[in-house]
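Worksheet for the structure shown next.
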Amino acid sequence: MFSAEQSCWFVRKVICWRAAASIAWAVLLLPPTTSVFVILGGFSLFHPIQTISVIPTIACSRIALLGQLLHPHQFVNSLAHCIMGVIVAGCCAVIIGGRYETLGYPCTQTDGSPQMCLNEYHLLLLLAGAFVGFSHSLSGVIHNMNYVSFHAVQQYKYLRFKGSLPLVVKCSATQALYSIRNYIVVYLFLGYIPRAWICKTLDLHLNSSVHPLDTVTGLLDLSLFYHLWISATFLLFTWYITLLLFRIFVTEVYSFPVQSSFTDVAIQCLPKVLTDKQPVILKFLALQDLALLSQHSPSRRAEVFSLSQPGGHPHNWNAISKECLSLLADLTQRLVAYHDTVQTNGRAKSLSTGSERKTSSETSVTSGTEDLMSPRPNLLMKTPASVFSRSIVGGPLSPLTAPFTPDLNSPFASPAMRRLTAPAEQCSPWHGSVQSPHIMRRVPKLWSTSTDSQSNGSPPPSPASVLSPKQESSKPSLLALFLQNRKEQLPEASSQALFADSQAHIWALEGLSYLVEASFSEDQFGVVQTALPSILSCMLVLQEAVDRHFKLPHASSKPVRSTSSMGESSYKTLRFALRATLKTAIYRITTTFGDHLNAVQMSAEHRKRLQQFLEYKE
């Protein structure tokens with residue numbers, strides 16, 4: 001036992017320092033262990049389809065794209081693809097047989113003693129599988145391969161599969177050719193590294209009588225190149241065919257009941273699905289069904305126009321029209337905010353903090369044009385992918401980010417992992433948006449009028465334009481210039497991101513316009529006519545905002561559709577489809593009602609704009 005004096009100096013000089021060191025190391029290890037927990041906690045083994053998204057993730061700058069590629073979830077995804085590639089390549093090596101069959105084979109040294117030597121042909125095939133898997137993972141991020149688009153023309157599953165099969169074969173063979181070409185170049189310069197590591201780890205030796213493959217003469221083997229290419233093609237074909245079948249089945253039309261007297265079926269009805277907290281994929285399928293029933297199903301349209309019993313209230317129509325108008329108002333708000341940002345060269349405007357706020361999304365639609373123009377101030381604008389965020393339940397809230405940058409929920413949570421089945425929060429469709437001075441006006445005016453600074457011919461003064469001598473003398477570093485160039489917004493990508501979720505708005509426009517058209521002869525109780533002023537005002541305001549957006553130089557350029565990749569590129573032309581659908585929807589209403597629309601109460605500017613459609617001058 002220690003004496004009192006001995007224990008005192010021992011505790012003071014040894015135990016205390018050791019205790020402090022242990023606590024310090026525990027604190028230092030806390031961030032990495034927390035990071036590992038966040039990554040593993042966000043991983044769902046039984047929900048692999050969460051990597052599929054119905055809203056594309058568009059990088060609006062080069063540094064944003066680099067951030068997606070270096071994301072922790074992307075690292076895990078790439079590692080999984082590499083492992084699967086190695087497994088498939090190993091199976092291919094066993095099937096091909098011959099010189100590719102095993103990783104090691106018995107050989108004899110110069111002194112005659114037996115040993116195990118490395119079969120570099122087998123190793124080359126395994127590493128090729130890992131390289132192809134890694135390349136496919138990066139290509140999936142760049143080309144939005146996890147994006148699922150809904151076809152405008154409905155086809156049977158067999159016909160869609162048959163029509164897309166040649167593209168799958170072509171893309172598999174072409175991508176495999178490019179990947180193997182790049183892999184051969186990499187192995188030529190760096191092949192000795194994995195070869196030496198495998199030999200050291202598995203205690204294998206190199207056969208001096210066999211020519212190494214990390215040389216030009218060793219890789220100039222047509223038979224080797226063919227087996228590498230056919231194995232990579234098989235690997236990519238299995239992935240692409242799985243992706244194609246999933247896209248076909250998940251976008252198949254689902255028919256929701258419009259109303260039901262049974263409580264357990266009521267939650268599956270179309271108005272309930274549209275307005276309640278539901279996964280995003282369910283919202284898209286419901287909007288798709290709404291667009292189809294409004295065109296092709298008179299019996300289901302009659303259920304939409306029906307009144308509740310008892311009470312005699314048009315609950316079905318109110319719920320459907322309210323949700324559609326909320327979506328259109330959300331898009332209008334984003335267009336105005338984007339236009340204001342472009343006008344100020346990307347600088348955020350000072351935002352008003354007026355006292356008038358809407359606490360319920362219900363009043364934002366039913367109170368007409370004045371309510372569409374009411375301010376709902378906030379700080380920054382949400383990304384376009386968050387249009388359904390008000391309906392997501394249980395998931396983390398999306399952060400408010402700069403305009404049209406990828407919406408990352410957390411440092412360790414990819415947006416594509418949560419968009420398919422993540423439920424949406426309940427809030428106003430205007431929540432989380434920049435408020436434009438055009439929307440701050442309570443009077444129901446369109447946005448074609450110029451601002452005060454434009455009317456007097458003088459641009460608004462900018463604080464950044466007046467620099468002090470100290471600021472003028474200081475020059476940014478090369479690293480700062482490099483990062484600034486990478487952070488600059490790509491105009492074309494910003495416009496694509498703005499309309500990334502416009503398929504939902506297209507269905508909302510089609511559903512509303514076809515229902516309004518059918519109500520002219522089928523609405524026995526006049527439930528649609530009560531909302532006709534709000535519908536027309538919302539569409540006209542959106543039409544003005546879309547026209548202003550397409551006056552921007554980058555918005556009117558139509559990108560070329562790629563036919564050599566399995567990545568969906570239809571989102572690049574969604575803004576053109578939305579513009580055509582919006583104009584068609586207004587013409588559909590004006591053609592049906594004609595001069596009867598003169599009795600609809602609306603502002604003078606709205607009536608002037610509507611007259612252009614009545615006279616077919618738009």
Side-chain angles (χ1 to χ4, degrees), residues 69 75 78-110 115-143 168-240 564-566:
L69 296 176
F75 172 77
S78 301
L79 181 62
H81 276 85
C82 290
I83 294 174
M84 289 187 291
V86 170
I87 294 174
V88 174
C91 296
C92 293
V94 174
I95 294 173
I96 296 173
R99 57 182 180 178
Y100 304 100
E101 189 169 2
T102 58
L103 183 61
Y105 64 95
C107 60
T108 56
Q109 294 181 350
T110 54
Q115 62 182 6
M116 292 295 295
C117 292
L118 174 67
N119 182 7
E120 195 171 359
Y121 288 98
H122 187 91
L123 176 63
L124 187 70
L125 198 59
L126 294 181
L127 295 178
F131 186 86
V132 171
F134 180 74
S135 303
H136 176 74
S137 176
L138 296 184
S139 177
V141 176
I142 297 173
H143 298 291
V168 173
V169 177
K170 176 186 175 182
C171 291
S172 302
T174 306
Q175 187 63 35
L177 185 63
Y178 290 145
S179 298
I180 294 302
R181 178 200 63 183
N182 299 335
Y183 169 69
I184 288 177
V185 175
V186 172
Y187 192 83
L188 179 64
F189 293 98
L190 303 176
Y192 68 94
I193 297 177
R195 184 180 60 194
W197 181 75
I198 289 293
C199 289
K200 183 178 180 180
T201 303
L202 302 180
D203 195 19
L204 298 176
H205 302 273
L206 293 177
N207 195 342
S208 57
S209 61
V210 178
H211 195 76
L213 296 181
D214 58 340
T215 59
V216 176
T217 56
L219 292 175
L220 286 178
D221 187 342
L222 291 180
S223 176
L224 175 63
F225 181 83
Y226 170 76
H227 285 116
L228 289 174
W229 172 72
I230 199 67
S231 301
T233 302
F234 171 72
L235 173 62
L236 292 176
F237 181 80
T238 55
W239 283 337
Y240 286 154
S564 58
S565 172
M566 281 295 293

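- The side-chain contact (heavy atoms from CB on, under 4.5 Å) test with Leu124 is passed by exactly one of Ile184, Asp214, Leu213: Leu213.
- The side-chain heavy atoms of Thr238 and Phe234, taken from C-beta on, include a pair separated by under 4.5 Å.
- The six-membered or imidazole ring of His122 lies away from that of Tyr105, with a centre-to-centre distance of 6.0 Å or more.
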Distance-only check: which donor-acceptor pairs under 3.5 Å involve side-chain atoms of residues 81-97, not counting sequence neighbours?
unit_1	atom_1	unit_2	atom_2	d
His81	ND1	Asn77	O	2.8
His81	ND1	Asn77	OD1	3.3

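- Around the CG atom of Leu220, the shell of radius 6.0 Å holds more than 12 heavy atoms that belong to other residues, nucleotides or ligands.
- Put simply, the side chain of Leu206 reaches to within 4.5 Å of the side chain of Arg195, judged on heavy atoms.
- Partners of Arg99 according to the salt bridge (Lys or Arg N to Asp or Glu O under 4.0 Å) rule, which considers only residues two or more places apart in sequence or in another chain, are Asp221.
- Using a 4.5 Å heavy-atom threshold, the side chains of Pro194 and Leu127 count as touching.
- Between Leu224 and Tyr121 the shortest side-chain heavy-atom distance falls below 4.5 Å.
- The closest side-chain heavy-atom distance from Asp203 to His205 is below 4.5 Å.
- Remark: the backbone N or O of Gly133 is not paired with any side-chain donor or acceptor of Ser137 at under 3.5 angstrom.
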Show the numbers, then the answer: is there a side-chain contact (heavy atoms from CB on, under 4.5 Å) between Thr217 and His211? CA-CA 9 Å; Thr217 56; His211 195 76; 2.8 Å; yes
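- Inter-residue side-chain proximity for Gln115 and Cys107 is flagged as met; some heavy-atom pair is nearer than 4.5 Å.
- Side-chain atoms of Asn119 and Leu204, non-hydrogen and from C-beta on, never get closer than 4.5 Å to each other.
- Enclosure of atom CZ in Phe225 by more than 12 non-hydrogen atoms of other residues, nucleotides or ligands within 6.0 angstrom is indicated.
- In this structure, Ser139 contributes its side chain and Ser135 its backbone to no donor-acceptor pair below 3.5 Å.
- Looking only at side-chain heavy atoms (C-beta outward), Leu236 and Trp239 come within less than 4.5 Å of each other.
- Distance check, rounded to the nearest 0.5 Å: OH of Tyr240 to OG1 of Thr233 gives 10.5 Å.
- Separating the OH atom in Tyr226 from the CG atom in Leu222 is a distance of 12.5 Å, to the nearest 0.5 Å.
- The backbone N or O of Ala173 sits less than 3.5 Å from a side-chain atom of Trp229, completing a donor-acceptor pair.
- Interatomic distance, NE2 of His227 versus CD1 of Ile180, reported as 12.5 Å (0.5 Å rounding).
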